[in-house]
Asker: 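Take this structure first; my questions come after.
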Amino acid sequence: MLEADNLECVRGERRLFAGVGFRLEGGELLYLQGRNGAGKTSLLRMLIGLLPPEAGEIRWRGVPIRQAGDDFRAELCYLGHLNAIKEELTPLENLLAAARLADEELSEDEVLDALEQVGLAGREDLACKYLSQGQKRRVALARLVKERRPLWVLDEPFVALDVAAVDWLAGLISAHLQRGGLAVMTTHQAVAIPAGTVRELRLS
Amino acid sequence: MTDRFNIYRYAAPSAFYPLAGAMVPWFAAAAVLFGLAGLWLGMLVAPTDFQQGEGYRIIFIHVPASWMSMFIYLVMAFWAAIGLAFNTRLSGMMAQALAPTGALMAFLSLWTGALWGKPMWGTWWVWDARLTSELILLFLYIGYMALVAAIDDPRRADKAGGLLLLVGVVNIPIIYFSVKWWNTLHQGASVSLTKSPSMAATMLWGMLLMALCFWMYSIAVALIRVRTIMLERERNTDWVRETLEGDGK
Amino acid sequence: MIHWNSFSEFLAMGGYGLYVWGSFGVTALILAVEPIVVARNRNNTIARLKRQLRAERRITE
Amino acid sequence: MLRIVTAVVARDLRLAMRRQADIVSALFFFIIVVSLFPLGIGPEPDLLRKLAPGVLWVAALLATMLSLPRLFADDHRDGTLEQLALAPHPLGLVVTGKVIAHWLVSGLPLAVLAPVLGLQFDLSTEALVVLTASILIGTPALSGIGGIGAALTLGLRGGGVLLSLLVLPLYIPVLIFGAGAVDATVSGLGGEAHLSLLAALTLAALGFAPWAAAAALRIALE
């Protein structure tokens with residue numbers, strides 16, 4: 001469903017990688033690995049269409065993502081290393097606003113449910129600036145709980161999480177794969193994902 | 001890609017670099033020749049203007065500089081459009097190479113305009129539509145150069161600068177007409193910029209020759225500058241390495 | 001053919017000498033300086049890139 | 001289509017309400033600049049009436065620019081802008097929403113304050129009405145054009161100064177027609193022609209600017 005052909009990445013004057021390609025089907029997870037500065041985040045940004053590749057092509061359901069445009073983005077969920085939450089808003093407001101801006105139907109009950117799952121019950125009405133770094137990350141991750149879009153692209157999702165949260169997130173990703181979803185992620189920690197096929201791609 | 005169209009071939013910096021290098025001396029020589037001919041006609045042969053006396057001779061640089069300042073901006077916008085549409089590397093470099101010359105032309109146009117205005121209208125500056133638009137054009141040039149200089153990644157700089165150029169092109173006519181309208185309502189300056197219609201043939205030829213001189217000059221300088229930019233930008237490519245190992249030509 | 005009777009008349013420009021020569025002087029100055037600056041900039045860039053290339057060679061060898 | 005615009009407006013307004021200090025400081029800037037002019041040039045009512053349109057408009061223009069650098073910067077810093085760019089609808093609509101929200105918290109309050117400040121300049125009732133109308137009609141164009149500048153300078157060093165350099169030349173037509181409307185009313189010519197031209201400028205700016213800004217944002221996000 002997601003194919004990348006012969007991708008090349010140039011940042012500034014440096015060629016980070018060239019000739020990178022892969023195919024990913026429903027139920028499969030792709031681990032991106034590589035040193036710092038190998039271009040993992042750049043590759044992710046290419047896959048979500050924010051960074052045009054220097055050469056090569058990315059296709060979603062056989063259509064180049066540039067052409068697919070909104071149709072592609074409607075099936076994409078991206079979690080960057082920035083949390084994309086507003087400090088002034090409460091976790092509840094943040095998640096509701098994010099859902100509305102992403103054109104998703106999400107009720108308040110569903111959001112509260114998701115916040116409970118990430119262990120933020122009782123903090124729904126506290127502005128995010130009063131939360132700790134790890135708690136803010138959980139607010140960002142809570143978006144994934146009700147997320148049913150087929151392609152997840154996650155940049156270092158396990159960073160700043162404790163052991164229990166890592167297990168919970170791994171379970172969430174497995175469930176997504178079992179539903180037939182796809183996931184691409186970068187990570188430094190080796191986390192076992194119980195279900196689905198795991199592939200690896202090493203950028204050198 | 002490289003062999004499909006000729007235009008693509010010359011749009012590749014490696015092919016354009018030697019071509020540009022070969023063209024520079026010709027344009028420079030043409031600029032000198034046209035300049036000498038224009039100055040001879042304009043300064044030595046052309047008769048005195050019956051209204052403005054000898055002071056009108058500023059026209060021989062003022063009008064060509066004004067023309068070039070506007071024309072260069074249009075050319076830059078043209079390259080910007082090409083660059084944004086086809087993602088060619090050369091376009092951004094061309095726009096950047098032209099900008100300083102365009103800004104200098106706008107400055108010259110204002111400078112000579114002021115020196116012309118003082119004896120003719122008794123003031124260095126009027127808030128006339130043409131002068132004001134020329135001033136804003138200078139600001140647009142400076143803004144473009146500042147924006148491009150502020151962005152580290154050259155590709156991003158090209159794209160952002162190109163977008164700014166296109167926005168500017170849309171705005172220049174709006175600015176011109178709004179200032180013109182504002183000016184006619186205010187009627188502050190009792191000065192008309194319309195030139196005397198009976199322009200002698202020698203004056204016209206002098207002006208056209210000077211315009212050609214400025215044109216050739218701008219092309220020559222921009223070509224040298226674009227060659228420098230190419231070397232700088234593509235320093236990690238094979239063709240630049242080979243060029244550098246030769247004599248840089 | 002030539003409009004002027006004497007060189008001093010040419011310089012005076014019918015009383016407009018300051019303005020005419022002020023315009024031509026600054027224009028000539030700019031049109032002379034800009035190519036020099038551009039050429040110097042080009043030579044500096046080439047020299048710098050050559051130095052970098054040589055340094056790179058030394059490292060790889 | 002409308003839903004996404006309203007969603008952005010609602011979110012940005014809510015954020016602005018939680019950060020009222022920003023709005024208030026821009027308004028105080030406007031008040032202070034306008035109030036300083038009579039002190040600088042003297043209290044003659046005739047002179048003040050003549051200067052009022054220009055002074056009020058220039059101050060409104062500068063006050064609008066004060067909040068422009070943050071139009072996209074906050075969303076850029078915390079990653080929200082990426083999410084907005086990845087949403088399944090045109091980015092231009094999102095920018096339209098942000099421009100509208102910016103106008104609601106920067107332009108609209110100026111229009112409310114302007115008649116009060118106009119009284120300091122001894123403007124007639126008719127001129128005050130036209131002044132308010134011109135600021136009401138003209139400031140959306142300022143927000144829209146400013147959005148292009150804000151998007152182009154996103155994430156750059158010294159972005160604020162650069163932003164003014166890019167945006168001020170483009171503001172000139174708005175300034176001319178805005179101040180011109182009041183000017184024409186003061187001198188008894190009637191400001192309708194200016195106002196309709198100003199409205200045309202605003203419509204053009206709101207139709208065109210968000211898409212240019214969206215293109216600039218995509219460049220900034222690369």
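A quick note: this is a predicted structure, and the numbers were derived from the prediction, not measured. Just so we're on the same page: letters track the sequence lines, and every chain starts at 1.
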Asker: Identify the residues of residues 210-219 of chain B whose heavy atoms come closer than 4.5 Å to a heavy atom of chain C, ordered by number, or report 'none'.
Answerer: F214(B), Y217(B)
Asker: Around W205(B), counting heavy atoms of other residues, nucleotides and ligands shown, do more than 12 lie under 6.0 Å from its CH2?
Answerer: no
Asker: Throw together a table of side-chain donor-acceptor distances under 3.5 angstrom for residues 23-30 of chain C, partners on residues two or more places apart or in other chains.
Answerer:
{"residue": "S23(C)", "atom": "OG", "partner": "Y19(C)", "partner atom": "O", "Å": "3.0"}
{"residue": "T27(C)", "atom": "OG1", "partner": "S23(C)", "partner atom": "O", "Å": "2.7"}

Asker: For chain C, find which of I229(B), L108(B), V221(B) contributes the most heavy-atom pairs closer than 4.5 angstrom.
Answerer: L108(B)
Asker: Drop me the distance from K50(C)'s NZ to L231(B)'s CG, to the nearest 0.5 angstrom.
Answerer: 10.0 Å
Asker: Scan for salt bridge (charged side-chain N to carboxylate O under 4.0 Å, His left out) pairs involving residues 28-37 of chain C, sequence neighbours excluded, and state none if there are none.
Answerer: R225(B)-E34(C)
Asker: Applying salt bridge (charged side-chain N to carboxylate O under 4.0 Å, His left out) as the test, list every pair that has at least one member in residues 202-224 of chain B; sequence neighbours left out.
Answerer: none
Asker: Once rounded to the nearest 0.5 Å, what's the spacing between atom CD1 of I46(C) and atom CZ of R235(B)?
Answerer: 13.5 Å
Asker: Is chain B contacted by the side chain of R54(C), its backbone, both, or neither, given a heavy-atom distance below 4.5 Å?
Answerer: neither
Asker: Should we count CH2 of W124(B) as having more than 12 external heavy atoms under 6.0 Å?
Answerer: yes
Asker: For R241(B), is there an ion pair with E56(C) - N to carboxylate O distance below 4.0 angstrom?
Answerer: yes
Asker: If you count heavy-atom pairs under 4.5 Å between each of L53(C), V38(C), N43(C), L31(C) and chain B, which one has the most?
Answerer: L31(C)
